[in-house]
Amino acid sequence: MSPDFERAVIAAVRAIPAGRVSTYGTVAAVAGYPRHARHVGALLAHADAALALPWFRVLGSGGRIARPGTAGADQQRILLEHDGIELDSKGRVDVWRYGWPPSCFMR
DNA sequence: CTATTGACGGGGT
DNA sequence: CACCCCGCCAATA
């Protein structure tokens with residue numbers, strides 16, 4: 001991945017405040033790379049730099065946790081709740097309530 | 001060059 | 001909800 005892309009995505013993820021969440025697609029757009037949602041996921045999953053980021057605040061569209069059933073998904077749910085974020089009975093986060101940035105989650 | 005592969009997103013049935 | 005299909009795009013084979 002280009003260093004530029006990594007820089008921008010890392011900055012965008014670090015900008016998500018505690019108690020708020022964002023999505024792969026939104027992070028990509030905010031970082032200046034629309035349509036690169038998959039690459040945001042790849043970065044958070046494989047880049048060493050991602051370990052120091054609040055990666056757990058990044059969800060799939062609709063506030064869905066990616067790769068359900070995996071250990072990582074379980075860990076993400078724990079971290080989100082630890083962050084004070086409510087998940088519905090299906091483990092879904094209400095992005096209209098917790099989404100970041102707010103401008104991207106207004107009806 | 002084509003084909004495959006994703007922590008993705010959206011639409012249709 | 002379950003599937004199925006397509007668009008997306010960089011990396012890799």
Side-chain angles (χ1 to χ4, degrees):
Chain A
M1 312 288 303
S2 78
D4 251 22
F5 177 75
E6 294 196 13
R7 277 189 67 271
V9 171
I10 288 173
V13 173
R14 276 202 315 182
I16 306 171
R20 308 307 300 270
V21 301
S22 194
T23 67
Y24 298 101
T26 300
V27 167
V30 168
Y33 291 82
R35 302 180 296 289
H36 286 236
R38 307 186 82 127
H39 303 283
V40 171
L43 183 59
L44 295 186
H46 306 299
D48 342 5
L51 299 175
L53 300 175
W55 58 270
F56 57 90
R57 302 209 261 253
V58 184
L59 309 167
S61 68
R64 208 185 312 282
I65 291 181
R67 301 177 69 190
T70 65
D74 295 337
Q75 181 57 47
Q76 182 164 21
R77 173 161 192 166
I78 301 292
L79 290 168
L80 286 171
E81 292 179 327
H82 185 82
D83 229 32
I85 292 169
E86 292 178 33
L87 296 132
D88 65 24
S89 55
K90 302 139 195 147
R92 189 86 74 77
V93 173
D94 181 359
V95 294
W96 298 115
R97 176 180 176 185
Y98 299 103
W100 186 271
S103 58
C104 292
F105 298 94
M106 303 189 296
R107 272 172 285 209

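The sequence lines fix the lettering, A, B, ..., with proteins before strands; numbering per chain opens at 1.
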As a test of reading the structure: which of dG6(B), dC1(C), dA7(B) is closest to the side chain of Trp55(A), going by heavy atoms? dA7(B)

Using whole Å, what does the distance between atom C1' of nucleotide dG9(B) and atom CZ of Arg38(A) come to? 9 Å

Beyond-backbone contact of Phe5(A) with Pro3(A), side-chain heavy atoms, under 4.5 angstrom: no

In the structure I gave you, are the side-chain heavy atoms of Tyr33(A) and His39(A) within less than 4.5 Å of one another anywhere? no

Considering only dA7(B), dC8(C), dG10(B), which nucleotide approaches the side chain of Arg67(A) most closely? dA7(B)

Figure out the CG/P separation between Leu80(A) and dA7(B), and round it to whole Å. 18 Å

Hey, is the side chain of Thr70(A) poking within less than 4.0 Å of OP1 or OP2 on dA7(B), counting only N and O atoms? no

Do Arg14(A) and Leu53(A) have side-chain heavy atoms sitting under 4.5 Å apart? yes

Residue mapping more 5' on DNA chain B - nearest nucleotide basis, Gly62(A) or Leu44(A): Leu44(A)

Mark yes or no for a side-chain to base donor-acceptor pair under 3.5 Å between Arg35(A) and dC8(C), with no hydrogen or angle criteria applied. no

When the side chains of residues 69-83 of chain A are checked against the rest of the protein, which donor-acceptor pairs come out under 3.5 Å, sequence neighbours left out?
{"from": "Thr70(A)", "atom 1": "OG1", "to": "Arg67(A)", "atom 2": "O", "distance (Å)": "2.8"}
{"from": "Thr70(A)", "atom 1": "OG1", "to": "Ala73(A)", "atom 2": "N", "distance (Å)": "3.2"}
{"from": "Gln76(A)", "atom 1": "NE2", "to": "Phe56(A)", "atom 2": "O", "distance (Å)": "2.8"}
{"from": "Gln76(A)", "atom 1": "NE2", "to": "Val58(A)", "atom 2": "O", "distance (Å)": "3.0"}
{"from": "Arg77(A)", "atom 1": "NE", "to": "Glu81(A)", "atom 2": "OE2", "distance (Å)": "3.4"}
{"from": "Asp83(A)", "atom 1": "OD1", "to": "Arg57(A)", "atom 2": "NH1", "distance (Å)": "3.3"}
{"from": "Asp83(A)", "atom 1": "OD2", "to": "Gly19(A)", "atom 2": "N", "distance (Å)": "3.0"}
{"from": "Asp83(A)", "atom 1": "OD2", "to": "Arg57(A)", "atom 2": "NH1", "distance (Å)": "2.7"}

Side-chain touch Val9(A)/Val27(A), heavy atoms, less than 4.5 angstrom: yes

Assign Ala37(A) to base, sugar-phosphate, or nothing according to its heavy-atom contacts below 4.0 angstrom with the strands shown. sugar-phosphate

For nucleotides 10-13 of chain C, give me every protein contact, N/O to N/O, under 3.5 Å, one pair per line with atom names.
{"from": "dA11(C)", "atom 1": "OP1", "to": "Met1(A)", "atom 2": "N", "distance (Å)": "3.1"}

With side chains defined as the heavy atoms from C-beta onward, is the minimum distance between Leu44(A) and Tyr24(A) less than 4.5 Å? yes

